[in-house]
Amino acid sequence: MPEGHTIHREARDQKPMLTGRDLAVSSPQGRFAEGARRLDGHDCKAVEAFGKHLVYRFETGDHLHVHLGLFGRIRKAKRPEKEPRGAVRIRMMSDTHVVDINGPTICEILDEPGLAALLARIGPDVLRSDADPDRAFARIAKSRAPIGRLIMDQSVMAGIGNIYRTEILWRLGVHPDVPGRAVDRVLFDRLWADAQRLLRIGVTRRAIVTVEEALAAGGRRRKGERFNIFGKETCPACAGPVMKLDIAGRRAFACETCQPVP
DNA sequence: TTGATTGTTACCGG
DNA sequence: TCCGGTAACAATCA
């Protein structure tokens, strides 16, 4: 279940799953994370998320950089471990648990400059306390590109995915085609705050939930009730038709009435 | 087997 | 430089 929350949850898990003595690397499909062998037998000291990027820090000073992309999965299980399922790019083991990373877009070892380069091209992470929203607003305020593009541009601000994009803009009553330049600071602040709130909820619940009633009720709802308009035909607020859009090749939705076309 | 998918990047043209 | 479009890549499930 990508789109941020899996990653964020992983990085913010109260109980780090990588406390083990031996870090083993497995490659059932014949594909290794580049340089992964170097980490064999070394401890992971910390795991941290920067937007949708995961960084496992090792005692050797190396960084394992993982991006799950659309399909990547992190599978945790208790030992004794079973045979890796599917395309496991790296397997990490503690005394008690095994963690497989399946099908990530990125699974590589970075040195310090490599990590610095990565962080330099990622915008402020909505979920990080050290994030600087001013950086995101500066980019948005001088851009002619539509806000629907900008808030999902991970170099502008990091964390929002395709579903959150549609849902957040609907919640704010902003059409995705509104140019960045037309977004003032007040609106941006509302956008940032809403993204922060929803993503935090996603981390906690391990599910994307953007419907207020569902948020108030707590717990995890059936998928159909978790979104307001993503994939929907009618707007829950005004009962009008939901427009299907295409933003940079990804589907998006908007309500013509609640989100007036600029 | 096919199509769709919560993502990213490189490259090109206007 | 900025911005939009396209293709490529990835693994899984229905």
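Throughout, protein chains are lettered first and strands after them, A, B, ... in sequence-line order, and every chain is numbered starting at 1.
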Is there a path of hydrophobic side-chain contacts, each under 4.5 Å between heavy atoms, that joins A:L187 and A:I151?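 In one cluster with A:L187: A:I151, yes.
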
Of A:R144 and A:N102, the one whose closest nucleotide on DNA chain C sits nearer the 5' end is A:R144

Of the options B:dT8, C:dC3, B:dT5, whose atoms approach the side-chain atoms of A:H67 most closely? B:dT8

Closest to side chain of A:P146, choosing from C:dG4, B:dT6, B:dT9: C:dG4

Students often mix this up, so state it plainly: with edges at 30° and 60°, are the rings of A:F188 and A:F137 parallel, tilted or perpendicular? tilted

Under a 4.0 Å N-O cut-off, is there an ion pair linking [X] with [Y]?
X: A:E48; Y: A:R128; value: yes
X: A:R185; Y: A:D134; value: yes
X: A:D194; Y: A:R171; value: yes
X: A:K244; Y: A:E256; value: no

On the nucleotide [N], are OP1 or OP2 found under 4.0 Å from the side-chain N or O atoms that [X] carries?
X: A:R149; N: C:dG5; answer: yes
X: A:R250; N: B:dT6; answer: yes
X: A:S143; N: C:dC2; answer: no

Categorize A:R121 for me: base, sugar-phosphate, or nothing, with a 4.0 angstrom heavy-atom threshold over every strand shown.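 Sugar-phosphate, no base atom in range.
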
If the C1' atom of B:dT6 is compared with that of C:dG4, how far apart are they to the nearest Å? 23 Å

For B:dA10, what is the paired nucleotide under Watson-Crick or G-U wobble rules, both distances under 3.5 Å?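 Its partner is C:dT6 (Watson-Crick or G-U wobble, both distances under 3.5 Å).
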
So which protein nitrogen or oxygen atoms get under 3.5 Å of nucleotides 2-4 of chain B's nitrogens or oxygens?
none

